[in-house]
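Chain A is the first sequence line, chain B the second, and so forth, proteins listed ahead of strands; every chain is numbered from 1. Atoms considered below: every heavy atom in the structure, side chains included; atoms not considered: hydrogens, waters and symmetry mates.
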Amino acid sequence: GAVVSQHPSRVICKSGTSVKIECRSLDFQATTMFWYRQFPKQSLMLMATSNEGSKATYEQGVEKDKFLINHASLTLSTLTVTSAHPEDSSFYICSAREQSSTDTQYFGPGTRLTVL
Amino acid sequence: AQKVTQAQTEISVVEKEDVTLDCVYETRDTTYYLFWYKQPPSGELVFLIRRNSFDEQNEISGRYSWNFQKSTSSFNFTITASQVVDSAVYFCALSAPIYNQGGKLIFGQGTELSVKP
């Protein structure tokens, strides 16, 4: 149980294009999902908290117009990197919090974005 | 402010050795949760354990064991008889309850464990 999927796993795009990443909780409902960014050899940096049916809460320094988040259902959140540039190249990981007594976050396999 | 420190950036051991990964945390909350996650080369974070601040019992799961000591604000992770498959980056993380900051996870910098045959 508690499986989270992400799609795509890897994407290469040209500078200026937009990229959408999907995060799905496969066997549980997640009213809250989180989006992280991880650079090589570094820790995870929380970008935003996504709540089903409401606007995402962005961390300080994260451009909400650049990183659009939509949490349309209890099992799906999407992150769209708009007008991507090479500096947006990174590993993006989502997590979904299981609404149970454990409140544990389960992570997706990540999406490696390369912007040329 | 909340903070997690994993002072060991990299550890290298030979198979079958025991290894302990250190984690020290800072928080002003009386209720909080501590986690360990494993990130193998594939990149996916694998949940290992969750502990709440009121449960200081040590836990053992197979070759893994965790030592939680509130007095020293530490939550250390020991792998007994390490195996090559244990090679990964291990993250310690801290969170407050959902009603406090939405239960955001604060991660340490991670410890890269390399187990050589």
Legend entry - ILVMFWY cluster, B/Val4 and B/Tyr33 together (side-chain gap under 4.5 Å): no
Inset, instruction - Determine, using the 4.5 Å side-chain heavy-atom cutoff (strictly less than), whether B/Val13 and B/Val89 are members of one ILVMFWY cluster. - result: no
Inset, instruction - Would you kindly confirm whether A/Trp35 and A/Leu113 end up in one hydrophobic cluster when ILVMFWY residues are joined by side chain heavy atoms under 4.5 Å apart? - result: yes
Legend entry - Within 6.0 angstrom of A/Glu87 CD, more than 12 heavy atoms from elsewhere: yes
Legend entry - pair B/Leu45-A/Leu44: side-chain heavy atoms closer than 4.5 Å: yes
Inset, instruction - Answer whether the closest heavy-atom distance between the side chains of B/Phe47 and A/Phe107 falls below 4.5 Å. - result: no
Inset, instruction - Tell me, yes or no, whether the heavy-atom count around B/Ile60 atom CD1, taken from other residues, nucleotides or ligands under 6.0 Å, exceeds 12. - result: no
Legend entry - For A/Ser43 against B/Phe91, the heavy-atom pair lying closest together: OG-CE2, 3.6 Å
Inset, instruction - Please state whether the side chain, the backbone, both or neither of A/Gln42 comes within less than 4.5 Å of a heavy atom of chain B. - result: backbone
Inset, instruction - Tell me, for A/Gln6 versus chain B, whether the close heavy atoms (under 4.5 Å) come from the side chain, the backbone, both or neither. - result: neither
Legend entry - Minimum side-chain heavy-atom gap A/Thr57-B/Lys104 below 4.5 Å: no
Inset, instruction - Establish whether B/Ile106 and A/Met45 are linked, either directly or via other cluster members, by ILVMFWY side-chain heavy-atom contacts under 4.5 Å. - result: no
Legend entry - More than 12 heavy atoms of other groups within 6.0 Å of B/Lys70 NZ: yes
Legend entry - A/Phe34-A/Leu76 co-clustered via ILVMFWY side chain contacts under 4.5 Å: no
Legend entry - chain B contact via A/Arg112 - which portion, at a heavy-atom distance below 4.5 Å: neither
Legend entry - Other residues, nucleotides, ligands: >12 heavy atoms within 6.0 Å of A/Lys41 NZ: no
Legend entry - Rounded distance (nearest 0.5 Å) linking atom OG1 of A/Thr49 with atom CG of B/Leu105: 10.0 Å
Legend entry - Inter-chain contacts: residues 107-117 of chain B against chain A, heavy atoms under 4.5 Å: B/Phe107, B/Gly108, B/Gln109, B/Glu112
Inset, instruction - Pick one of side chain, backbone, both or neither for B/Gln6, based on which atoms fall under 4.5 Å of a heavy atom in chain A. - result: neither
Inset, instruction - Mind listing the closest non-hydrogen atom pair of A/Phe91 and B/Gln39 along with its distance? - result: CE2-NE2, 4.0 Å
